[in-house]
There are 2 protein chains.
Amino acid sequence: MTVTKGDECRCRILEAARKLFYQKGFSATSINDVAEEAGVLKGNLSYYYPSKSELLESATAAREAEVQAMIAEWSALEGSLFEIMDQVLSSFEADADNIVAYGCDIGTLTNELGKGDGELQRQPRQIFELIQTWLTERFATRFSKAVAREHAEHLLVMTQGAAVLAHAYRDPKLLQRQCKLIRTWLREVCE
Amino acid sequence: MTVTKGDECRCRILEAARKLFYQKGFSATSINDVAEEAGVLKGNLSYYYPSKSELLESATAAREAEVQAMIAEWSALEGSLFEIMDQVLSSFEADADNIVAYGCDIGTLTNELGKGDGELQRQPRQIFELIQTWLTERFATRFSKAVAREHAEHLLVMTQGAAVLAHAYRDPKLLQRQCKLIRTWLREVCE
DNA sequence: GTCTATAAGAAGATAGAC
DNA sequence: GTCTATCTTCTTATAGAC
């Protein structure tokens, strides 16, 4: 028996925290909210995650692991540079419903935590860096390091901006329109 | 005597709230924080702003008024379409220090409030709409309504994205680089 | 490992003296 | 208009029974 009852409970709490931190924001979510969502009692939650910030760390680490897995899939993609970037953009668009309803999870978390002391912001920022590093490496197969960096940064900027506005207006069409423009830009750049 | 002591106090509270809601976020700011920052007592604050959400409404309305004043200045700008947009972008860049430290005020507020019931988000979203409407009208002096709308939206998207990333990395250079790219885009589009 | 109980403090909001 | 005092609720966190 590799998965104990404790592991299962710990996992439920973590998933509840991830969901609520994303959908309500970190400050606006109480550990009581998390306990209710997970179906455990507050005291029990504290056994697994003694403090709210540790719960945040674990939630962010879980998201980082997901992103790393996604990046691994991207690395296995085949085709031209444009075709690969096109598919990467598609994996962003696939999350449109959530983005419209709650914003980009990494972007909104970075925004919220960035208002604090700055230390809490480090972890979500690393997720951005993971993605940007991968994008830069890919662009570098075609361009100089400097140009590759610029392209990667600009691609990230456009997707984040599209997420902010789509969430502000709660408009999935906006996200589609902007992704179309990003594709046009990608095509110009890659060809 | 047009400015009573009460007005002055009300104003101090409002400015304190605006500062803290921006720098710490709405949820993370207590009305006690606001009272301390304004140098008034909590009970006195409640006399002027009975609830936290009313304080938020007033703070957002004050920001909206500022934006409207800024737009009025933009409307007085002279020169080619590119030159005007170039100056508009400059007024965004002028706030670089704050954007790097705390993000775009409208963007981060919209993000945070958008996680809630959606009703609170309406007010800051209107500020985006104000700006976008003005941009669209300007672009419409040269392009069809549909194209003008697209350009306005894309310009807003790129500035918001640049703000998110610059704040995430706390990097003023990133903002500069992206504004340069936006200018290149503006030049291509306008000429 | 699980749950109850509760501490200790901060939150938003209010009543009423001056 | 200003300030003190207080109420209630919610928050995080902990102690300890089972």
Side-chain angles (χ1 to χ4, degrees), chain A residues 1-60 109 112-113 115-117 119-120 123, chain B residues 1-61 109 112-113 115-117 119-121 123:
Chain A
M1 178 160 165
T2 53
V3 176
T4 70
K5 191 173 176 188
D7 287 340
E8 195 269 335
C9 185
R10 172 183 290 269
C11 181
R12 263 213 326 281
I13 293 168
L14 189 62
E15 289 310 308
R18 292 184 59 187
K19 175 182 175 182
L20 293 178
F21 289 167
Y22 174 40
Q23 296 185 353
K24 297 183 46 167
F26 176 67
S27 288
T29 300
S30 74
I31 55 170
N32 217 359
D33 294 334
V34 176
E36 277 182 26
E37 175 75 26
V40 301
L41 288 162
K42 209 165 42 164
N44 196 10
L45 188 150
S46 294
Y47 170 75
Y48 292 102
Y49 299 96
S51 74
K52 195 184 176 188
S53 63
E54 288 177 65
L55 188 52
L56 174 66
E57 279 178 40
S58 297
T60 313
L109 188 62
E112 180 178 357
L113 301 182
K115 303 231 178 215
D117 54 14
E119 187 49 38
L120 276 179
Q123 232 185 332
Chain B
M1 178 160 164
T2 52
V3 176
T4 69
K5 192 175 177 189
D7 286 340
E8 195 268 336
C9 186
R10 171 181 291 268
C11 182
R12 263 213 328 281
I13 292 169
L14 188 62
E15 289 309 309
R18 292 184 59 187
K19 176 181 175 182
L20 294 178
F21 289 167
Y22 175 40
Q23 296 185 353
K24 299 183 45 166
F26 176 67
S27 288
T29 300
S30 73
I31 56 172
N32 218 0
D33 293 335
V34 176
E36 277 182 28
E37 176 74 25
V40 302
L41 290 161
K42 204 164 50 160
N44 196 10
L45 188 150
S46 295
Y47 170 74
Y48 293 101
Y49 299 96
S51 74
K52 195 184 177 188
S53 63
E54 288 177 64
L55 188 51
L56 174 66
E57 278 178 40
S58 297
T60 311
L109 189 62
E112 181 178 358
L113 300 182
K115 302 232 178 215
D117 53 15
E119 188 48 39
L120 276 179
Q121 197 197 27
Q123 234 185 332

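All figures in this text were calculated on a predicted structure; none of them were measured in a lab. Here is how names work: the chains are called A, B, and so on, in the same order as the sequence lines, proteins then strands, and each is numbered from 1.
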Engineer: Restricting to side-chain contact (heavy atoms from CB on, under 4.5 Å), what partner residues turn up for Ala28(B), sequence neighbours left out?
Structural biologist: Ser27(A)
Engineer: Who are the side-chain contact (heavy atoms from CB on, under 4.5 Å) partners of Ser58(B), not counting sequence neighbours?
Structural biologist: Leu14(B), Tyr49(B)
Engineer: What residues, two or more places apart in sequence or in another chain, satisfy salt bridge (charged side-chain N to carboxylate O under 4.0 Å, His left out) together with Arg18(A)?
Structural biologist: Glu15(A), Glu66(A)
Engineer: Between Leu113(A) and Leu56(A), is a side chain to side chain contact (heavy atoms under 4.5 Å, CB included) present by the stated rule, with each step listed?
Structural biologist: CA-CA 11 Å; Leu113(A) 301 182; Leu56(A) 174 66; 4.0 Å; yes
Engineer: Return the set of residues passing side-chain hydrogen bond (donor to acceptor under 3.5 Å, both in side chains) with Glu36(A) (not counting sequence neighbours), or none when no residue passes.
Structural biologist: none
Engineer: Excluding sequence neighbours, so at least two apart, what forms side-chain hydrogen bond (donor to acceptor under 3.5 Å, both in side chains) with Ser30(B)?
Structural biologist: Asp33(B)
Engineer: Near DNA chain D, under 4.0 Å by heavy atom, which residues of residues 22-30 of chain B?
Structural biologist: none
Engineer: Indicate the atoms forming the closest heavy-atom contact of Leu20(B) with Thr29(B), along with that distance.
Structural biologist: O-OG1, 3.2 Å
Engineer: Taking Glu57(B)'s backbone N and O only, do any of them form a donor-acceptor pair with Gln123(B)'s side chain (distance below 3.5 Å, no angle check)?
Structural biologist: yes
Engineer: Looking at residues 38-45 of chain B, who's got a heavy atom less than 4.0 Å off DNA chain D?
Structural biologist: Leu41(B), Gly43(B), Asn44(B)
Engineer: For Leu109(B) and Thr60(B), work out which heavy atoms get closest and say how close.
Structural biologist: CD2-OG1, 4.0 Å
Engineer: Dot-bracket, 5' to 3', for DNA chain C please: Watson-Crick or G-U pairs under 3.5 Å, [ ] where pairs cross earlier ones, | where the partner sits on another strand, dots elsewhere.
Structural biologist: ||||||||||.|||||||
Engineer: Enumerate the residue pairs fulfilling ring-ring contact (aromatic ring centres under 6.0 Å, His included) with a member in residues 16-46 of chain B, sequence neighbours excluded, ordered by first and then second residue.
Structural biologist: Phe21(B)-Phe26(B), Tyr22(B)-Tyr102(B)
Engineer: Tell me: OH of Tyr48(A) to C1' of dA13(D), nearest whole Å?
Structural biologist: 18 Å
Engineer: Could you pull out all donor-acceptor pairs under 3.5 Å where a side-chain atom in residues 37-44 of chain A meets a protein atom, sequence neighbours excluded?
Structural biologist:
unit_1: Glu37(A); atom_1: OE2; unit_2: Lys19(A); atom_2: NZ; d: 3.0

Engineer: Would you grab the first and last nucleotide of DNA chain C (5' to 3') that comes under 4.0 Å of any non-hydrogen atom in chain A?
Structural biologist: dG1(C) to dT4(C)
Engineer: Could you work out, with salt bridge (charged side-chain N to carboxylate O under 4.0 Å, His left out) as the rule, every residue matching Lys52(A), not counting sequence neighbours?
Structural biologist: none
